[in-house]
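One-based numbering along the sequence shown.
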Amino acid sequence: MTTYVERLALVRAALKQNRIDAYIIPLADPHLGENISDHWKIVPWLSGFTGSSATIVITDSFAGLWTDSRYFIQAEKQLAVSGFILMKPIAFTPSGYIDWLDENIPDGSTIAFDGRIFSIAGFRKLEKCLKNKKIIFKNDCDLIGDLWSDRPLMPSSEAWDHPVEYSGRERSFKMAEVRKEMKKNGVDLHLLTSVDDIMWLLNIRGNDLTYTPICISFAIIDEAQILLFVDDSKIPQHLASEFDRLGIVMLPYEETAGMISSLTEATSILINPSTTSVALYNSIPSEFRIVEDISIPAQMKAKKNKTEIENISRVMIKDG
């Protein structure tokens, strides 16, 4: 069992081997939501810090962790023997890892990160703030996969149907409404990267995260079908049959980027830059017109129907 200091040394050796000056690790997964599975909890594995929000920067002589004020006391204790430093902002002066990079990384340096867990919106901010430093970015760099030998597997819980008595709308109705909005916006494809959007649209739930009833997946919507990228063992037969009837095609989860790059018959795609990773964004064909906005399901599910409102009321009474 390696210690945190030993793991940090292994990452630094990988930096040297790959000629990287600084490596960024956010506490995130490919869906860039608030909650993540153990498989993607790189920050606690590497540093010992177990808070829900953090970003790490590692160089050959520095290892810092940024988090918010909720976790300052906790982080100081957990990082005490890890080789990492808790980076607190100076009083009344907001400061983050990008500011540190701007102030400490020499011009022409190489900065790397795993583009699967870094949003395109976040990368643009990083790129903009460091634009005068002539930085070389490596956005497809996974230094952890080969080092984390006992890494937890991806969750594999079975999904279940979320019936109309709770959702208030059939999945076929929701699909039609989303397609109507896509047509209104003039887009051929809609990439869904937030798992909660997919759960709402398809009226399904899962147990892939504790206390968060989701089935980890991606989806692409067009006018004729929905490509659902999910481990097919998660979808029970009765749901698979229903999906087939509605034109929902299941494909392997790990083939999302490859499929996006092959969708050359379309000409436009709608994405949310805050929840779309750099890796998926880079897979979009260069000739596509990219429309950026909050996802259509996110906008629709914000408006609760009568059934949802009544159920919220029942839940509040039961909880109280």
Given Arg171 and Asp161, is the salt bridge (Lys or Arg N to Asp or Glu O under 4.0 Å) satisfied, shown in steps?
CA-CA 10 Å; Arg171 56 177 66 92; Asp161 187 45; 2.4 Å; yes
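- Between Met259 and Thr256 there is no side-chain heavy-atom pair separated by less than 4.5 Å.
- Across all non-hydrogen atoms, the minimal contact from Phe118 to Ile24 is CE1-CG2, 3.8 Å.
- Between the side chain of Arg289 and the backbone N or O of Ser268 there is no donor-acceptor pair closer than 3.5 Å.
- One N or O on the side chain of Asp99 and one on the backbone of Gly96 form a donor-acceptor pair closer than 3.5 Å.
- Among residue pairs with one or both ends in residues 238-251, those qualifying as side-chain hydrogen bond (donor to acceptor under 3.5 Å, both in side chains) are Gln237-Ser241, Glu242-Arg245; sequence neighbours excluded.
- Panel note: side chain Asp196, backbone Ile214; no donor-acceptor pair is recorded below 3.5 Å.
- More than 12 heavy atoms of other residues, nucleotides or ligands lie within 6.0 Å of NZ in Lys133, so this atom counts as buried by the packing criterion.
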Table please: side-chain donor-acceptor pairs of residues 270-285 below 3.5 Å, with sequence neighbours left out.
unit_1 : atom_1 : unit_2 : atom_2 : d
Asn272 : OD1    : Ser274 : N      : 3.0
Thr275 : OG1    : Thr193 : OG1    : 2.9
Thr276 : OG1    : Asn272 : O      : 2.8
Ser277 : OG     : Leu280 : N      : 3.1
Tyr281 : OH     : Arg124 : NH2    : 3.1
Asn282 : ND2    : Val278 : O      : 3.4
Ser283 : OG     : Leu280 : O      : 2.5

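- With a 4.5 Å cut-off on side-chain heavy atoms, Asp21 and Asp60 do not count as touching.
- Checked by atom type and distance alone, the side chain of Asn104 pairs as donor or acceptor with a backbone atom of Trp100 at under 3.5 Å.
- Closest approach of Ile135 and Pro106 over heavy atoms only: CD1-O, 4.1 Å.
- A donor-acceptor contact closer than 3.5 angstrom is absent between the side chains of Thr307 and Glu165.
- Residues Ser217 and Ile198 come closest through the heavy atom pair O-CD1, 3.3 Å.
- Remark: of the listed residues Lys174, Lys180, Met175, Lys180 is the sole one forming a side chain to side chain contact (heavy atoms under 4.5 Å, CB included) with Glu177.
- Looking only at side-chain heavy atoms (C-beta outward), Thr55 and Leu65 stay at 4.5 Å or farther from each other.
- A donor-acceptor distance shorter than 3.5 angstrom exists from the side chain of Arg7 to the backbone of Trp45, with no hydrogens or angles considered.
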Check step by step if side chain to side chain contact (heavy atoms under 4.5 Å, CB included) holds for Ile111 and Phe137.
CA-CA 5 Å; Ile111 296 177; Phe137 290 104; 4.1 Å; yes
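- A 4.5 Å side-chain heavy-atom check between Phe229 and Pro252 finds every atom pair outside the cut-off.
- Between the side chain of Thr3 and the backbone N or O of Glu6, at least one donor-acceptor pair lies under 3.5 Å.
- Side-chain atoms of Val57 and Trp66, non-hydrogen and from C-beta on, do get closer than 4.5 Å to each other.
- Taking Arg151 as the reference, His39, Trp40, Ile42, Trp148 meet the side chain to side chain contact (heavy atoms under 4.5 Å, CB included) condition, with sequence neighbours excluded.
- Shown here is Leu251, whose CG atom has more than 12 heavy atoms of other residues, nucleotides or ligands within 6.0 Å.
- For Glu287, the CD atom is densely surrounded, since the number of other residues' heavy atoms within 6.0 Å is greater than 12.
- His162 and Ser167 make their closest contact through CD2-CB, 3.7 Å (heavy atoms, listed as atom of the first residue, atom of the second, distance).
- Rounding to the nearest 0.5 angstrom, the gap separating the CD1 atom in Ile248 from the CG atom in Leu239 is 9.0 Å.
- Asp107 CG: more than 12 foreign heavy atoms inside a 6.0 Å radius.
- In the displayed structure, Lys304 atom NZ is contacted under 6.0 Å by more than 12 heavy atoms of other residues, nucleotides or ligands.
- Checked for salt-bridge contact, Asp142 and Arg116 meet the test: a charged N lies under 4.0 Å from a carboxylate O.
- Trp200 and Ile294 are assigned to two separate hydrophobic clusters, defined by single-linkage of ILVMFWY side chains at heavy-atom distances under 4.5 Å.
- Aromatic ring pairs are classed by plane angle as parallel below 30°, tilted from 30° to 60° and perpendicular above 60°; the pair Phe218 and His31 is parallel.
- Side chain of Ser53 to backbone of Thr67: no donor-acceptor contact under 3.5 angstrom is found.
- The nearest pair of heavy atoms linking Ser47 to Tyr4 is C-CD2, 3.9 Å.
- Val5 and Val11 fall into different hydrophobic clusters, defined by Ile, Leu, Val, Met, Phe, Trp and Tyr side-chain heavy atoms under 4.5 Å apart, directly or through other members.
- Atom CZ of Phe62 sits in a crowded spot, with more than 12 heavy atoms from other residues, nucleotides or ligands closer than 6.0 Å.
- The side-chain heavy atoms of Ser37 and Asp208, taken from C-beta on, include no pair separated by under 4.5 Å.
- In this structure, the side chain of Asn185 does not engage the main chain of Val187 through any donor-acceptor pair within 3.5 Å.
- The local environment of CD in Glu34 is sparse, with at most 12 non-hydrogen atoms from other residues, nucleotides or ligands closer than 6.0 Å.
- Taking every heavy atom of both residues into account, Asp222 and Arg179 meet most closely at O-NE, 2.7 Å.
- In this structure, Ile73 places its CD1 atom where only 12 or fewer heavy-atom neighbours from other residues, nucleotides or ligands lie under 6.0 Å away.
- Phe173 has its side chain out of reach of Val178: every pair of non-hydrogen atoms, C-beta onward, lies at least 4.5 Å apart.
- At least one donor-acceptor pair under 3.5 Å links the side chain of Ser157 to the backbone N or O of Asn207.
- Thr50 and Gln74 are linked by a side-chain donor-acceptor pair at a separation below 3.5 angstrom, with hydrogens and angles left out of the test.
- With hydrogens and angles ignored, the 3.5 Å screen pairs a side-chain donor or acceptor of Lys234 with a backbone N or O of Pro155.
- In this structure, Phe84 and Leu8 have side chains that are in contact, with non-hydrogen atoms separated by less than 4.5 Å.
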